[in-house]
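Input: one structure, supplied below.
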Protein chains: 2
Amino acid sequence: MAEAYYLHVTDKLRDVLLTDDTAWVNDNGKLPAERELAQRFETTRVTLRQALAQLEGEGRIHRSNRRGWFVSPKRLEYDPTRDAGFNDYVRDQGRLPRTEVLSVSTSSHPPAAKALGLVADQTFYHIRRRRYVDERAVLVESLWVVPERAPGLLDERFDFSLWKLLREKWNLRLSHRSISMVSEALQGADARELGVAAGTAGLNICRTILDGDQRPVEYDEEHWLHDALSIRVELKQHR
Amino acid sequence: MAEAYYLHVTDKLRDVLLTDDTAWVNDNGKLPAERELAQRFETTRVTLRQALAQLEGEGRIHRSNRRGWFVSPKRLEYDPTRDAGFNDYVRDQGRLPRTEVLSVSTSSHPPAAKALGLVADQTFYHIRRRRYVDERAVLVESLWVVPERAPGLLDERFDFSLWKLLREKWNLRLSHRSISMVSEALQGADARELGVAAGTAGLNICRTILDGDQRPVEYDEEHWLHDALSIRVELKQHR
DNA sequence: TAGTGGTCTAGACCACTCT
DNA sequence: GAGTGGTCTAGACCACTAC
């Protein structure tokens with residue numbers, strides 16, 4: 001086999017995506033319909049979709065609900081060790097941030113308790129948010145905050161920086177204990193809330209946050225679209 | 001649509017993978033043939049493969065060449081900010097490491113030069129290696145070392161820790177300047193050398209290394225199988 | 001050589017979005 | 001209501017692996 005035909009289609013599409021040819025990508029960044037593309041390449045939808053899946057894996061295109069395939073915007077550069085708020089670093093990169101609060105409740109969450117070194121049935125304030133860059137939903141996150149650190153927190157608004165709130169209102173000095181990152185396939189509520197198909201590639205980032213006295217404050221679980229971010233950690237020189 | 005059938009197949013397979021039922025997974029961790037599985041689920045290979053692709057995205061199974069589908073082993077925990085050698089941290093987790101040197105040469109590499117703040121046509125020692133965990137190839141990497149920092153480096157052996165070599169023979173004190181991580185689809189040589197299909201999900205990790213006097217030493221580009229690792233960064237408390 | 005995964009065809013119906 | 005992506009069928013041939 002010289003080369004699979006779908007790889008040829010992939011290469012051709014990758015090329016045209018780098019141009020702004022309106023024959024291939026309209027003004028909204030949308031590609032032609034799958035049937036249309038299949039015709040142009042004189043193949044079937046199955047084969048054409050293999051090529052699209054490749055480009056999706058490369059983070060070049062993505063699909064939104066059943067609306068079609070779109071060119072993916074530039075990845076957001078994200079340093080999970082920095083405590084700059086989402087809104088700040090998105091704006092710093094010339095993009096438009098937005099945060100939606102999906103739910104607020106009180107509940108236990110054993111993984112959070114374990115990460116923070118608390119008993120498994122520890123009760124947390126649970127805040128769930130969806131965050132957008134340029135009006136594209138790029139992540140959903142769940143925050144579990146230890147109530148003792150921020151009594152009455154749930155009366156606040158959460159569509160801006162939680163860290164700023166904790167610092168200013170509860171005078172907490174926050175720092176990371178650990179961060180873990182693992183690739184995942186977005187499932188269930190995570191996929192639904194991001195408007196993507198179950199199984200879409202994602203990145204799961206979990207952070208454990210302590211205060212200045214090393215007391216547990218918060219556990220944070222983020223589910224990102226894999227093509228929405230590029231992680232970059234700048235390290236201080238030690239020794 | 002209540003639920004797509006392939007998602008039902010996915011769920012069922014996910015369940016049996018958690019058991020050690022030899023009706024589904026043989027002693028080598030291999031699943032039955034696709035045609036066999038399709039028959040058991042009374043569906044076609046296309047639909048069955050959708051389910052397998054889901055589980056592959058979740059990092060639960062993977063394919064090796066054309067040999068079939070295998071249960072993926074536990075992810076390796078990896079802290080890219082630590083300077084512990086690959087061999088050390090793999091063994092610390094009770095696994096068996098192995099390193100293969102694929103090529104050694106002298107060449108320029110503009111991305112490395114840029115990251116290290118050198119002129120684009122800077123010449124580097126280029127070392128390419130493939131690394132295994134329990135005899136599964138999990139990453140390929142390219143190292144670009146600034147020759148001035150380690151003259152004569154290419155006469156050494158590279159199947160063990162490069163850092164140890166640089167420390168002991170050239171007396172370099174090494175530290176990270178930056179680390180970047182981005183999801184990718186493994187392509188070309190990277191995919192071939194890992195024995196996976198083009199487009200397989202991967203993780204690209206790039207590191208910039210300086211010496212104690214902040215002089216550029218090395219640029220490191222790693223391509224991992226996405227299901228082979230879990231990144232975990234433990235942070236020192238600052239302030 | 002037999003069996004496997006990799007690729008591909010030529011259709012079909014459904015659920016959802018858009019207008 | 002038209003068009004789209006999502007799902008599915010029932011086959012086929014090829015290249016490669018394992019024996």
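Numbered from 1 within each chain, the chains take letters A, B, ... in sequence-line order. No experiment lies behind these values; they were computed from the predicted model shown.
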- Message: Tell me the interatomic distance from A:Q54, atom CD, to C:dG6, atom P, rounded to whole angstroms.
- Response: 12 Å

- Would a distance-only check, ignoring hydrogens and angles, find a side-chain to backbone donor-acceptor pair under 3.5 Å from A:D134 to A:L96? yes

- For DNA chain D, write out the stems as range with range, using runs of 3 or more consecutive Watson-Crick or G-U pairs with both distances under 3.5 Å. C:1-18 with D:1-18

- Query: salt bridge (Lys or Arg N to Asp or Glu O under 4.0 Å) with B:E58: which residues, sequence neighbours excluded?
  - Reply: B:R14, B:R60

- Task: Only pairs at least two apart or in different chains count here, so list each ring pair (Phe, Tyr, Trp, His ring centres under 6.0 Å) that has a residue in residues 89-108 of chain B.
- Result: B:Y78-B:Y89, B:F86-B:Y89

- Message: Do the side chains of B:R128 and B:E193 get close enough for a salt bridge, i.e. N-O under 4.0 angstrom?
- Response: yes

- Please report, rounded to the nearest Å, how far the P atom of C:dG6 is from the CD atom of A:Q50. 10 Å

- Among pairs that include at least one residue of residues 41-63 of chain B, which meet ring pair (Phe, Tyr, Trp, His ring centres under 6.0 Å), considering only residues two or more places apart or in two chains? B:W24-B:F41

- Item | Rounded distance (Å) that lies between atom C1' of C:dG3 and atom NZ of B:K30 | 10 Å

- Query: Under a 4.5 Å cut-off applied to non-hydrogen side-chain atoms, are B:T99 and B:R131 in contact?
  - Reply: yes

- Query: Rounded to whole angstroms, how far apart are CZ on B:R63 and C1' on D:dC16?
  - Reply: 15 Å

- Query: Do NZ/NE/NH1/NH2 and the carboxylate oxygens of B:K164 and B:D88 come within less than 4.0 Å?
  - Reply: no

- A:Y6 OH to C:dG5 C1', straight-line distance once rounded to whole Å: 12 Å

- Message: Can you list, in residue-number order, the parts of residues 31-45 of chain A that come under 4.0 Å of DNA chain C, counting heavy atoms only?
- Response: A:R35, A:T43, A:T44, A:R45

- Interatomic distance, A:Y5 OH vs D:dC14 C1' [rounded to whole Å]: 18 Å

- Task: Quick one: sort the B:W144 and B:H126 rings into parallel, tilted or perpendicular, breaks at 30° and 60°.
- Result: parallel

- Ignoring backbone atoms, establish whether B:R49 has a side-chain N or O less than 4.0 Å from OP1 or OP2 of C:dG5. no

- What's the CZ-C1' distance between A:R67 and C:dT17, to the nearest Å? 9 Å

- Item | Per B:R66 side chain, nearest of listed nucleotides D:dG6, C:dT7, C:dG6 | C:dG6

- Query: In chain order, what residues pass the side-chain contact (heavy atoms from CB on, under 4.5 Å) check against A:A137, with sequence neighbours excluded?
  - Reply: A:R130, A:Y132, A:L194

- Task: Report the distance from atom NE2 of B:H8 to atom P of D:dG6, rounded to the nearest whole Å.
- Result: 22 Å

